[in-house]
Amino acid sequence: MNNKKPKGSYMIEEERKPSMVSPIVAAILSAIVPGLGQILARAYKRGIVLFASFITIAGLLIWRVIATAKYDVGFFNKLTKSFRLEPMILILVILVFILWIWTISDAYKHAAQEDHITLGVLFLVIVIFFFLGWQIGGIAPAELISNIPDSAPLLGQVLWPWDAAIHYPKEIVTTAIEIQIPCTDELPVSEIPDEGSYISADPLCGELAELGGQPGSSIQIHGYGLIPNLETELWWKDQLSNDFRQRQGGEYITVITDENGDFEIEIFMPYALIPAGHLAQGYVIWEFQTRQIASVGEWTYSDELKLTTEKMIETIFIGMMATFFGIILAIPVSFLAARNLMSANGFTIAIYYFVRTILNIIRSIEPLIWALIFVIVVGLGPFAGIMALTVHSIAALGKLYSESIESIDSGQIEAIQATGANWVQTVMFAVVPQIIPPFVSFTIYRWDINIRMSTIVGMVGGGGIGFLLVQWIRLFEYRAAGLAVWFITVTVALLDYVSAEIRKNYV
Amino acid sequence: MLEIRNLTKVYDDGTVALKNVSFTVAEGEFLIIIGLSGSGKSTLLRCINRLIDPTEGEILWNGVDIVKLEGDDLRKARRKIGMIFQHFNLIKRSSVLNNVLAGRLGYTSSKQSLFGRFSKKDIERAYKSMERLGITDQAKKRADELSGGQQQRVGIARALMQEPELILADEPVASLDPVLAHSILHRLETLNKEDNLTIICSLHYLDLVQKYSTRVIGLSYGEIVYEGSQKDIQAMTDEQFKEIYGEEAIRVGGGLEGDLTQVEGGAA
């Protein structure tokens with residue numbers, strides 16, 4: 001656009017008409033309406049690009065400022081607030097200011113027909129869009145690392161979920177001792193059994209804590225012969241058989257037994273749930289309990305594993321049925337979409353274009369969207385998934401099949417006809433051998449895709465393992481979700497390998 | 001044996017491929033048709049076995065007009081006419097044996113063909129045919145694994161399975177190098193002489209024409225512009241040559257000068 005190119009420039013020299021306005025006027029106009037100066041300096045495209053860029057950038061930037069500082073009143077307040085919340089906006093504002101200055105100087109230079117770097121100002125526009133994208137996209141690479149402490153245990157569960165694959169029948173093992181409230185002269189007697197676990201308490205009585213008043217008295221608890229090395233919960237059972245857990249400092253407390261199954265802890269009596277004034281006998285007996293969750297009996301496969309297996313099988317069959325229906329329906333369609341078969345007359349050509357167009361439209365809609373549509377039509381479940389994948393398969397296979405029909409070598413048909421073969425023989429010997437290998441290849445490829453996609457369509461309710469996966473992720477059951485992820489990964493990898501092998505050997 | 005009368009072919013797009021072509025072929029002839037690409041050679045050959053339907057004219061074969069044949073009658077006529085092609089036109093993904101057996105389709109029922117079955121006799125015949133062309137070792141290979149020369153021999157073996165009385169060869173050596181070209185044409189010549197097979201073959205190279213033909217027809221823009229015996233073609237003048245191949249044609253190595261000793265199929 002300028003007369004003499006600076007060194008290193010590779011743009012083609014072009015003759016330019018003189019500017020319509022003086023450089024100063026162009027600069028002032030561009031300061032008011034960015035790009036106007038350039039337009040009047042006859043750099044039309046440049047002016048329009050700069051103007052459009054400015055409008056777009058300004059619009060997006062204002063939107064970001066308002067979105068960042070939602071609750072502030074007045075634009076200036078919003079602006080300063082957004083600078084504080086999102087420093088990127090400050091950078092953007094500075095860059096836009098630089099762009100504005102540059103545009104003014106660009107307009108001046110254009111009108112004056114001076115040499116300058118043509119692409120610099122456009123490059124700055126791209127840089128601004130890059131930073132805008134960064135801000136709008138909420139890109140924060142630091143979070144990839146800073147969240148590791150929180151995310152690592154969860155990811156660990158997903159990566160190694162096998163705890164969820166087996167299930168041990170559990171039982172709560174309780175050991176108890178009676179505590180008298182409040183202390184009187186007659187204390188309950190605790191007997192030490194000859195065998196098995198028992199708890200001792202010292203003293204065997206205590207004073208309950210009062211709300212806002214004095215704390216409960218302390219009792220030294222000893223446990224003997226419980227299940228060793230196990231987390232043990234401490235519970236109370238009051239005279240009305242209400243169960244509640246012992247708290248200390250607001251938190252539930254647990255003890256872990258040692259290798260002999262012993263433990264020792266000092267507890268403080270809890271608050272009374274029932275006012276002491278209601279005591280009939282002058283005292284009540286509460287029960288202090290230790291509760292341990294113990295595995296009893298043989299392990300079994302967990303429900304999660306069973307469910308995952310079932311749904312994985314369902315998924316494979318969703319993919320398979322969709323492929324079957326896809327093949328059956330795509331074959332006739334593919335003949336209608338094959339140019340070499342449909343170029344006989346205007347009518348058949350019209351059919352060809354119609355079918356091609358429909359196939360292209362169907363193919364451009366993602367299976368996920370088809371699944372949403374079919375969930376509305378037939379309801380949640382595998383049938384919706386099968387329908388979604390079938391529709392997409394017809395379009396995809398129809399195109400691939402018709403292309404392999406189009407690429408049939410007519411010479412082979414000619415050669416077989418020349419031997420005196422009839423129609424059936426010609427089809428069997430010259431047409432089928434040519435289209436079967438690509439058909440098989442495309443079909444296996446499609447089956448592969450369908451199985452992969454069937455996990456995805458499940459996520460929107462199309463049945464199969466995808467539905468399970470989404471459900472478990474939303475329930476934060478990461479181990480179970482991990483199981484599903486493992487199943488999907490292994491199945492897809494296996495089928496991928498198998499399909500590649502079959503195709504390699506067949507074609 | 002074969003008499004062609006006033007044969008005309010006009011394609012749907014208006015191209016006139018053949019204009020009033022008439023000639024006769026006697027039994028045991030090795031007739032070579034020469035002419036530029038697009039002169040109508042291929043169309044002429046394909047009209048004879050009705051791969052292309054002529055627009056007008058008659059093709060009398062043993063007294064029967066092939067042009068009027070339909071259905072079974074046409075297929076019966078076709079099976080006595082073998083054809084070999086420039087690009088071999090083998091079923092690429094099938095075995096050599098299956099390709100050769102395909103030559104028997106005219107004698108096989110549709111039912112058998114549906115399952116790709118052939119009679120034991122046909123299979124024996126196929127092995128004999130392959131032996132004759134030196135491709136027995138390749139019987140189980142896929143056709144597209146073979147070299148060009150070998151593929152053309154499979155093509156000839158397939159044609160022989162038809163027990164043909166006439167072989168149409170559409171530029172059978174145009175995709176092969178000169179050594180293989182001689183090898184293939186030599187085999188056709190052997191069939192011509194030993195089995196008394198009539199051969200109609202289109203060719204490009206004048207030296208090959210001079211060596212193998214018993215008679216030559218020159219086509220230009222769908223019309224016969226030259227007709228001569230083997231002797232005539234050896235004595236062909238530049239003028240006649242240019243009439244067939246156009247004014248700008250240059251005769252390369254005319255006459256029988258170069259080393260044209262026969263090369264046996266070893267390299268094929």
Side-chain angles (χ1 to χ4, degrees), chain A residues 331 334 338-350 352 400-401 403-445 499-507, chain B residues 12 42 45-46 48-52 71-95 98-118 142-144 154-155 158-164 167-168 170:
Chain A
I331 287 175
S334 68
R339 186 181 266 277
N340 55 346
L341 300 181
M342 299 299 286
S343 52
N345 56 48
F347 179 66
T348 54
I349 291 170
Y352 163 83
L400 293 172
Y401 285 174
E403 274 165 12
S404 56
I405 293 171
E406 280 172 4
S407 65
I408 279 183
D409 173 14
S410 61
Q412 297 183 27
I413 295 172
E414 212 174 32
I416 294 300
Q417 278 179 338
T419 67
N422 60 29
W423 187 84
V424 174
Q425 292 170 326
T426 309
V427 170
M428 288 306 295
F429 275 77
V431 179
V432 170
Q434 288 194 66
I435 58 172
I436 285 289
F439 270 39
V440 168
S441 167
F442 291 138
T443 305
I444 292 170
Y445 178 57
S499 83
E501 280 297 304
I502 296 173
R503 274 191 291 154
K504 201 164 69 186
N505 291 330
Y506 208 94
V507 181
Chain B
D12 289 345
S42 292
L45 288 174
R46 280 168 171 73
I48 294 173
N49 67 357
R50 287 279 304 281
L51 286 176
I52 292 173
D72 270 350
D73 295 335
L74 173 62
R75 286 195 289 274
K76 273 184 186 137
R78 266 181 186 166
R79 70 185 187 190
K80 286 288 171 193
I81 306 172
M83 189 162 190
I84 58 181
F85 301 84
Q86 179 184 353
H87 299 295
F88 326 132
N89 290 358
L90 302 180
I91 310 307
K92 292 196 177 75
R93 288 185 173 103
S94 296
S95 68
N98 264 332
N99 269 287
V100 175
L101 279 169
R104 269 330 260 187
L105 284 172
Y107 298 89
T108 314
S109 72
S110 302
K111 221 189 207 172
Q112 278 181 304
S113 302
L114 266 181
F115 302 99
R117 293 235 177 88
F118 288 94
R142 261 169 64 152
D144 57 0
V154 176
R158 176 171 65 187
L160 284 183
M161 290 294 284
Q162 295 174 237
E163 299 176 281
I167 284 187
L168 306 171
D170 184 16

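Contacts of B/L90 with chain A are made by backbone atoms alone, with heavy-atom separations under 4.5 Å and no side-chain atom involved. Only the side chain of B/R158 comes within less than 4.5 Å of a heavy atom in chain A; its backbone stays farther off. Proximity to chain A involves both the backbone and the side chain of B/K92, based on heavy atoms less than 4.5 angstrom apart. Contacts of B/R46 with chain A are made by side-chain atoms alone, with heavy-atom separations under 4.5 Å and no backbone atom involved.
Closest of all the heavy-atom pairs between A/Q417 and B/R78 is O-CD, 3.3 Å. Here the closest non-hydrogen pair linking A/A418 and B/Q162 is O-NE2, 3.4 Å.
In this structure, the side-chain contact (heavy atoms from CB on, under 4.5 Å) partners of A/T443, at least two apart in sequence or on a different chain, are A/T323, A/I327, A/Y401.
In this structure, CG in A/D409 is found 5.5 Å from CG in B/N89, a value given to the nearest 0.5 Å. One finds the CD1 atom of B/I81 at 12.0 Å from the OG1 atom of A/T419 (value rounded to the nearest 0.5 Å).
Around OH of B/Y107, the count of heavy atoms belonging to other residues, nucleotides or ligands within 6.0 Å exceeds 12.
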Identify each donor-acceptor pair in which a side-chain atom of residues 420-432 of chain A lies under 3.5 Å from a protein atom, sequence neighbours left out, and give them as a table.
{"from": "A/N422", "atom 1": "OD1", "to": "A/V424", "atom 2": "N", "distance (Å)": "3.2"}
{"from": "A/N422", "atom 1": "OD1", "to": "A/Q425", "atom 2": "N", "distance (Å)": "2.9"}
{"from": "A/N422", "atom 1": "ND2", "to": "B/S110", "atom 2": "OG", "distance (Å)": "2.7"}
{"from": "A/Q425", "atom 1": "OE1", "to": "A/N422", "atom 2": "N", "distance (Å)": "2.9"}
{"from": "A/Q425", "atom 1": "NE2", "to": "B/L105", "atom 2": "O", "distance (Å)": "3.0"}
{"from": "A/Q425", "atom 1": "NE2", "to": "B/T108", "atom 2": "O", "distance (Å)": "2.8"}
{"from": "A/Q425", "atom 1": "NE2", "to": "B/S113", "atom 2": "OG", "distance (Å)": "2.9"}
{"from": "A/T426", "atom 1": "OG1", "to": "A/N422", "atom 2": "O", "distance (Å)": "2.7"}

